[in-house]
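Okay, so here's the structure we're looking at.
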Amino acid sequence: MHRYSFPHEPVAHPEAIVGGTGKYRFTVLADGLLRYEWAEDHQFEDRASVLAINRRLPTPQFRVKDDKDSLQIITSRFHLTYNKGTFSASGLSASVKGHFGPHSSVWRYGVPTSNLGGTARTLDEIDGRTALENGVISRQGFATLDDSKSMLFDDNQWVTIRRPGSRVDGYLFAYGHDYQQAIQAFYRLSGPQPLLPRWALGNWWSRYHAYTSEEYLELMVKFEDNKIPLSVAVLDMDWHIVDDPRVKEAGVTGWTGYTWNKELFPDPKAFMASLSEKGLRVALNDHPADGVQSYEEPYEEMALALNHDTSMRDPIPFDITNKAFVDAFFDVLHRKFEKEGLDLWWVDWQQGTHSRIPGIDPLWVLNHYHFLDSALDNKRPLTFSRYAGPGSHRLPVGFSGDTYMTWDSLKFQPEFTATASNIGYGWWSHDIGGHFHGERSEEMLIRWVQLGTFSPILRLHSSNNMFSVKEPWNISEPYQYVMTRYLNIRHRLVPYLYTMNARAAIKGIPLVRPMYWAYPEIEEAYTVPNQYMFGSELIIAPVTAPVDASSRRSEVIAWLPPSRYVDLSTGIVYDGNRRLRLYRSINKYPIFAREGAIIPTDGSLVLQNGCENPPVIELMVVVGADGQFELLEDDGKGQSVDQVQFRRTPISFHQDSGKLVIGPTIGCSDQKSHTRQWNVLLVGYKGHGQVQVSISMGRGTGVKTVQVEGDNMINKRGLVLQLGSFPSHAEITVQLERDPALDVQEPVTQIIKFLREAQMNMDWKDIIKTIVDSRKSKLMQISELHALPIPCHLLNPIYEILLADNRSCGRES
């Protein structure tokens with residue numbers, strides 16, 4: 001295999017192909033996935049495209065009816081009819097099987113269809129919304145991807161273009177409302193999401209600022225002093241020479257550079273070694289478009305590699321279509337920095353879609369070969385760049401670009417992130433807090449950090465405006481405290497996030513998904529585009545609007561699916577299967593866990609940089625329903641899921657018996673030497689009677705009484721069990737009472753807390769307290785509150801608390 005090889009099998013099984021001797025060809029790739037081709041010259045394409053790298057998929061069962069003037073292809077999911085002529089809306093159609101209500105279930109070639117959207121190349125310079133490309137799902141039950149003009153890979157896996165002439169190359173996804181199946185079929189065709197290294201899931205620090213090495217290291221110490229863990233240290237473009245007489249003399253922008261600015265970084269290798277000693281990975285920004293100028297340190301070596309004439313000191317132009325240039329780009333320009341300690345390149349390409357060869361998108365080529373090159377020396381591959389189109393999910397992480405610092409930009413990003421999963425793109429990284437322009441708002445920054453905490457990647461970043469600061473200690477209270485807290489929560493969530501990372505790579509289920517993925521037949525699931533599922537256990541309803549000055553709360557419109565939920569930031573229990581308005585103070589964020597949810601977190605007393613497998617795991621468990629979770633970990637070795645030896649710890653909660661069972665862990669190379677402390681947080685549960693723990697290690701069972709504490713990482717509602725340390729081969733059973741239930745909470749306490757903070761008439765506060773503290777039913781209380789001459793923005797937060805859990809129904813019938 002050569003350096004640019006990658007797994008692909010582009011030629012379909014012959015038995016999956018219908019036609020191909022004339023101008024049309026169909027390939028039944030799955031029961032809901034059909035490739036349709038038209039070629040005037042009878043020449044069909046079997047090379048891999050950037051979208052479709054695997055067409056040799058298991059052939060599904062299907063039937064063909066082939067008459068003189070018509071062709072029918074029938075699978076369990078669609079019935080295609082074709083008149084054997086030039087593709088047209090009348091001549092080529094497919095009836096998709098399923099129930100779609102008022103929506104049409106017939107696909108016709110060339111007819112515009114509704115689509116639930118995919119993602120976009122970048123959010124550069126965007127203030128608010130932007131148009132989205134298509135995904136592979138729609139409420140109509142079908143969607144198409146046009147692959148007719150995309151780049152191909154030749155026999156040496158080098159990019160090339162398609163044959164000239166009139167041709168169609170498209171894919172029909174006909175999965176009805178089985179959205180997850182549609183995406184998993186897309187992954188089988190286009191390749192899976194790769195497994196990210198664990199360190200990518202922590203907090204990233206980045207700022208467009210001309211740091212010195214001393215300043216940067218002092219900054220990292222400041223984060224340590226403030227007990228804020230980080231995992232990735234990013235240097236924007238000022239690491240190389242920019243404002244330099246040589247740059248000005250050459251007449252270039254200075255954005256491209258491959259020479260350390262020794263005035264800022266006198267000893268780059270020692271600098272990066274110091275960051276590594278702190279548990280941090282190092283990333284450098286690369287704007288490669290201007291090529292290599294004669295003043296660059298690697299100029300002579302690059303010229304030698306490319307046989308470039310240096311007599312006139314002409315620059316070496318950037319040419320991503322030239323294999324020799326790409327080889328030297330990695331081997332000469334980049335390898336030097338990687339040997340000095342660099343872990344990740346930030347590919348900052350903003351120069352459009354054109355290259356020296358029409359049809360070759362330089363961003364695609366950069367991303368693809370960067371990702372392959374990053375896997376050298378058995379490293380787990382990773383790159384960091386903008387989205388280049390369908391198939392880009394194979395090349396994470398995505399850099400969404402330079403957004404405005406506005407509430408409108410913040411409001412769009414949750415939807416933008418979730419909808420990207422409709423095209424399989426699961427790892428967006430946004431400039432948390434916004435990049436430039438807009439306004440400085442500490443409140444907006446906090447809401448952005450809270451969103452980042454529950455995003456695929458949390459990367460703080462901002463422009464080189466001296467007033468654009470995001471260090472928590474440089475903002476005022478209470479924002480400093482809240483920001484620090486949520487940055488810590490992010491690192492505590494890494495055990496959960498890494499498991500979801502592995503699940504995404506193994507099962508094809510992205511971390512962030514729109515609500516309609518799980519509830520496609522419920523209309524309300526489509527009405528909350530900002531709300532999303534975060535992994536298997538959590539639902540997030542982001543806050544994207546400022547607080548009301550009187551209520552000191554921000555409003556969020558949410559929808560909870562059928563079940564009962566706990567908001568992990570408040571401890572309040574909610575009945576599901578309804579729309580509702582939520583109101584949150586600046587330090588609270590709507591984080592919902594259903595009954596039966598199990599969320600593993602880092603329970604270490606002090607969090608460390610780097611996101612290593614923690615010595616203490618705290619399980620957040622919501623009683624009320626059965627639950628299962630498998631904690632996945634590894635030692636960082638292996639590049640893909642089939643090479644990684646995962647440690648798997650099964651965790652289950654059994655509602656009827658009240659038992660929580662942890663372990664044993666399997667997959668450890670040395671089971672007995674691996675010990676870990678386990679804690680359990682029973683969220684929203686007070687407990688009744690004695691809690692017991694039994695430990696089975698294959699040689700008998702021990703029983704112990706558990707000490708209880710009263711605090712945890714998110715709220716103070718629940719029972720914390722300190723179980724102790726156990727070897728990985730132990731099976732731990734926590735015994736509660738049978739059929740345990742979430743605590744029925746008294747709303748008055750929460751309402752009084754709200755009234756204390758609200759900026760409103762003091763007499764109104766007394767009246768409201770009297771009403772909600774009465775022995776009347778909730779219906780009567782709400783009726784009396786509604787009759788008061790009080791604005792709705794002050795009453796609505798009270799209604800939310802009163803109506804959260806219908807088990808607390810008031811005292812009067």
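Position 1 is the first residue of the sequence; numbering continues from there.
Inter-residue side-chain proximity for D575 and L560 is flagged as unmet; no heavy-atom pair is nearer than 4.5 Å. Between L382 and W199, some side-chain heavy-atom pair lies under the 4.5 Å cut-off. Taking the side chain as every heavy atom from C-beta outward, F592 and L582 approach each other to under 4.5 Å. Two residues are said to be in side-chain contact when any heavy atoms from C-beta on lie closer than 4.5 Å; I557 and R581 meet this criterion. Contact of the Y481 side chain with the I446 side chain is not registered, since no non-hydrogen atoms from C-beta on lie closer than 4.5 Å. Looking at heavy atoms from C-beta onward, H654 lies in side-chain contact with V661 at the 4.5 angstrom threshold. With a 4.5 Å cut-off on side-chain heavy atoms, F653 and L736 count as touching. You'll find the side chain of V734 stays beyond 4.5 Å of the side chain of V621, heavy atoms only.
P542 and Y532 make their closest contact through CG-CE2, 3.6 Å (heavy atoms, listed as atom of the first residue, atom of the second, distance). For the residue pair S604 and V616, the shortest heavy atom distance occurs at N-CB, 3.9 Å. Annotation for A758 and K765: closest pair O-NZ, 2.9 Å, computed over non-hydrogen atoms. Of all heavy-atom pairs spanning P472 and L487, the tightest one is CG-CD1, 4.0 Å. In plain terms, the two heavy atoms of R490 and P456 that are nearest each other are NH2-O, 2.8 Å. Taking all atoms of both residues into account, the shortest heavy-atom contact from V566 to V622 is CG2-CG1, 3.9 Å.
In this model, no donor atom of one side chain and acceptor atom of the other lie less than 3.5 Å apart for Y498 and E633. At a cut-off of 3.5 Å, with distance as the only test, no side-chain donor of H430 or S455 sits close to an acceptor on the other residue. In summary, the side chains of R676 and N613 do not present any donor paired with an acceptor at a separation below 3.5 Å, with no hydrogens or angles considered. With no hydrogens or angles considered, a side-chain donor-acceptor pair links Q413 and W448 at under 3.5 Å. Side-chain contact annotation: N796 with Y583, donor-acceptor N/O pair under 3.5 Å present.
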Between R447 and Y589, is a side chain to side chain contact (heavy atoms under 4.5 Å, CB included) present by the stated rule, with each step listed?
-> CA-CA 8 Å; R447 294 308 193 191; Y589 207 66; 4.2 Å; yes
Between M515 and I522, does a side chain to side chain contact (heavy atoms under 4.5 Å, CB included) hold up when you go through it step by step?
-> CA-CA 10 Å; M515 296 301 298; I522 300 180; over 6 Å; no
R807 and L742: side chain to side chain contact (heavy atoms under 4.5 Å, CB included), yes or no, with the steps?
-> CA-CA 10 Å; R807 296 174 304 165; L742 292 170; 3.8 Å; yes
Give the intermediate values and the outcome of side chain to side chain contact (heavy atoms under 4.5 Å, CB included) for residues Q450 and V482.
-> CA-CA 9 Å; Q450 290 168 332; V482 177; 3.7 Å; yes
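Considering OG1 of T544 and CD of E415, their distance stands at 10.5 Å, rounded to 0.5 Å. The CD1 atom of I506 sits 9.0 Å away from the CG atom of N501 when rounded to the nearest 0.5 Å.
Salt bridge E523/R579: absent, no basic N to carboxylate O contact under 4.0 Å. In summary, E537 and R594 engage in a salt bridge, as defined by a charged side-chain N under 4.0 Å from a carboxylate O. The pair E757-R553 counts as a salt bridge, with a side-chain nitrogen and a carboxylate oxygen less than 4.0 angstrom apart. By the 4.0 Å N-to-carboxylate-O rule, D567 lies close enough to R584 to be salt-bridged with it.
If you look at Y516 and Y526, their ring centroids are closer than 6.0 Å. Aromatic pair W473/F223: ring centres closer than 6.0 Å.
In summary, of the residues considered (T499, D634, I666), a side-chain contact (heavy atoms from CB on, under 4.5 Å) with F646 occurs for D634 alone.
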